[in-house]
2 protein chains.
Amino acid sequence: MDERSLLLLGLLLVQSQHGYQLNEFIERNLSRVTDMKKSTAYATLDRLCDAGFVDKHMEQEGNRPPRKVYAMTSAGKQHFYDMLRENLSHADQMNFASDIGMMFLDHLSRKEVLKLLESRLHQLQTQVDAYASAPKHRYGLGVDFAIEHHLVHLRADVTWLHSIIHRIKEDESDDGIE
Amino acid sequence: MDERSLLLLGLLLVQSQHGYQLNEFIERNLSRVTDMKKSTAYATLDRLCDAGFVDKHMEQEGNRPPRKVYAMTSAGKQHFYDMLRENLSHADQMNFASDIGMMFLDHLSRKEVLKLLESRLHQLQTQVDAYASAPKHRYGLGVDFAIEHHLVHLRADVTWLHSIIHRIKEDESDDGIE
DNA sequence: ACCCCAATAGTCAATAATGACTATAATGAA
DNA sequence: TTCATTATAGTCATTATTGACTATTGGGGT
């Protein structure tokens, strides 16, 4: 949640924007970096307002529906830098949903496990291709770093999964249950 | 959230347990695999009850406070296998909180960025040591796979962060803003 | 002139997750 | 014995997140 605030503040630091604009940008350019949804962005912006980190005011252009324009306050700038330093300097615990499944491997037959993991491997490889072919420099250097970071993890995952599949194939012990 | 249900069902598959027991086990043995909190486990168990996947009944031992014992139903078993197959066969999108910070690197001076990232690197290395020295076979092969998986990602992260730090040091362009 | 659809700009009720809290029993130390 | 800890077993109010929904407008086709 914290990093969602950081993202929104970072975007508002460059220029004031209205909600739709922020969400469009996130959807179009940052879908590989965050999965924050529209309504979460609005809720987070409201919280940032309550905390005094951004100002909100209505604006009307022509006779289009009125828009909420969000602008950084100076307290917000301070908070942005605080959060940024916190974010860059800390390695927070990662958790992988797929590890839960791995825990219960032995409840399925070896054959089925192999089929399932190979399907996962294919999807991973598709993701690798998507990230590898992502266009460069949409929003400064930082996004490229993030994409690269993702690729590193995806490739590590592919290698690991290969190894697991190989070991399960080689494993001549018993066949699992069910 | 889905993987939390999977975890609880998986634990209940082996034997019926009361809430405290489940939470103790998760805290003591699975803290490296999940970060689910006690209250989340109880809430999830309630939802699994409502869905008919587990039965709940009270039990009293001596004059200790009564306990809620959760037991898998046959619908629950089916659901467990469905979720397990789903979990093993799908590679869900990973998201890293730290990527958000990377996006805004250029708002800090190069010198400070290096200091912050080096601090992160140290923490990562501490985490690597913790996972590398984790005792084996607490709960079957699966947990070991999960620990190994974590290690792979942690090491990939260390390598990447090294590379980033190196590149930022080499980069003789300008010094960032602020 | 009229209609449909994509783009614009959000709202809201429902769900999920957690921190802080409650309450009792056994245990060991002073 | 009495008192403080720790272990046992949860509850609940608050916060966070999201899917589904509401409305309006501009523009293109016919």
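Computed over heavy atoms, backbone and side chain alike; hydrogens, waters and symmetry mates excluded. Below, chains carry the letters A, B, ... as their sequence lines are ordered, and counting in each starts from 1. Just so it is clear, the model here is predicted, and its values are computed rather than measured.
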*Roughly, in whole Å, what's the span from CG in B:Leu45 to C1' in C:dT15?*
17 Å
_At less than 4.0 Å, is any side-chain N or O atom of B:Arg47 found next to OP1 or OP2 of C:dA16? Yes or no._
yes
*What is the distance, rounded to the nearest whole Å, between atom NE2 of B:His57 and atom P of D:dG10?*
11 Å
*Does A:Arg4 have a side-chain nitrogen or oxygen under 4.0 Å from the phosphate oxygens OP1 or OP2 of D:dT18?*
yes
*Between D:dA7 (C1') and B:Glu27 (CD): distance, integer Å*: 12 Å
*Compute the ring centroids of B:Phe104 and A:Phe80, then answer whether they are less than 6.0 Å apart.*
yes
*A:His150 vs B:Phe96 aromatic rings, parallel, tilted or perpendicular, using cut-offs 30° and 60°?*
perpendicular
*Look at A:Arg67 and C:dT8 and indicate whether a side-chain polar atom (N or O) is within less than 4.0 Å of OP1 or OP2.*
no
*Under 3.5 Å, is there a donor-acceptor pair between the B:Thr159 and B:Arg155 side chains?*
no
_Any salt bridge linking B:Asp35 with B:Arg4? Criterion: basic side-chain nitrogen under 4.0 Å from a carboxylate oxygen._
yes
*Please report, rounded to the nearest Å, how far the P atom of D:dA16 is from the CG atom of A:Asp46.*
12 Å
*D:dG10 phosphate, OP1 or OP2, under 4.0 Å from B:Tyr20 side-chain N/O*: no
*asked:* From C-beta outward on B:Lys68, which listed nucleotide comes closest to its side chain: D:dT11, C:dT18, D:dT8?
replied: D:dT11
*Interface with DNA chain C, restricted to residues 34-43 of chain B and to heavy atoms under 4.0 Å*: B:Lys37, B:Ser39, B:Thr40
_A:Met94 CE to B:Ser98 OG distance, which is reported to the nearest 0.5 Å_ = 8.5 Å
_Distance check needed: D:dA7 C1' versus B:Phe25 CZ, whole Å only._
19 Å
_Between B:His166 and B:His162, is there a side-chain donor-acceptor contact under 3.5 Å, judged purely by atom types and distance?_
no
*B:Ile26 has an atom CD1; how far is it from atom P of C:dA17, in whole Å?*
13 Å
*asked:* Below 30° counts as parallel, above 60° as perpendicular, anything between as tilted: where do the rings of A:His149 and B:Trp160 land?
replied: parallel
*Kindly confirm or rule out a cation-pi arrangement of B:Arg32 over B:Tyr131, judged by NZ or CZ under 6.0 Å from the six-membered ring centre and within 45° of its axis?*
yes
*asked:* Measure CG/A:Leu48 against C1'/D:dA16 and give the value in whole Å, please.
replied: 13 Å
_Atom pair distance, as rounded to whole Å: CG in B:Asn23 and P in C:dA17_ = 14 Å
_Using a strict heavy-atom distance below 4.0 Å, which residues from residues 7-19 of chain A are in contact with DNA chain C?_
A:His18, A:Gly19
_Less than 6.0 angstrom separating the ring centers of A:His57 and A:Tyr70, yes or no?_
no
